[in-house]
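All figures in this text were calculated on a predicted structure; none of them were measured in a lab. What's counted below: heavy atoms across the whole structure, side chains too, no hydrogens, waters or symmetry copies. Position 1 is the first residue of the sequence, and the numbers go up from there.
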Amino acid sequence: MTLKIDFKLDGGVMTLTTDYSTKAPKAARAHSVFWATPENNLSRRNPKQRELELRTVSDGPREIRNV
């Protein structure tokens, strides 16, 4: 926000004239992360990090065990 105030003195009388303007802030821009592979290609996955071997778990009934 910008506020502009003009003062004018004329024969002992002070005159004020005001004006204002607003400017909305810029929105943050998104960014992407890539890693360089040994072949100098870009990858979304870090080549130095192991991948987890994930599997799907069934929704069916399960055996309850006491430990």
Side-chain angles (χ1 to χ4, degrees):
M1 179 174 177
T2 302
L3 177 62
K4 182 179 177 183
I5 304 173
D6 291 325
F7 297 90
K8 183 176 180 184
L9 181 59
D10 185 18
V13 176
M14 181 70 70
T15 305
L16 289 120
T17 307
T18 60
D19 190 20
Y20 70 92
S21 63
T22 59
K23 179 179 173 184
K26 291 184 178 181
R29 296 184 63 174
H31 64 276
S32 299
V33 176
F34 293 93
W35 284 269
T37 65
E39 298 83 23
N40 291 323
N41 295 319
L42 294 178
S43 174
R44 299 279 298 164
R45 295 182 176 162
N46 186 347
K48 295 179 182 177
Q49 186 175 7
R50 293 180 52 191
E51 291 195 30
L52 295 174
E53 297 177 16
L54 301 176
R55 60 182 172 84
T56 304
V57 178
S58 65
D59 291 337
R62 299 183 190 127
E63 176 187 345
I64 298 176
R65 297 182 286 177
N66 291 326
V67 179

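Residues L16 and F7 form a side-chain contact, since some pair of their non-hydrogen atoms from C-beta on lies under 4.5 Å apart.
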Evaluate the side-chain contact (heavy atoms from CB on, under 4.5 Å) criterion for residues S32 and R44: first the C-alpha distance (whole Å), next the side-chain angles of each, then the deciding distance (0.1 Å), finally the verdict.
-> CA-CA 9 Å; S32 299; R44 299 279 298 164; 3.8 Å; yes
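In this structure, the side chain to side chain donor-acceptor pair (under 3.5 Å) partners of E51, at least two apart in sequence or on a different chain, are R45.
Across T37 and P47, no two heavy atoms sit closer than the pair CA-CG, 4.2 Å.
Connection of I5 to Y20 is established within a shared hydrophobic cluster, with ILVMFWY side chains joined at heavy-atom distances below 4.5 Å, either directly or through further cluster members.
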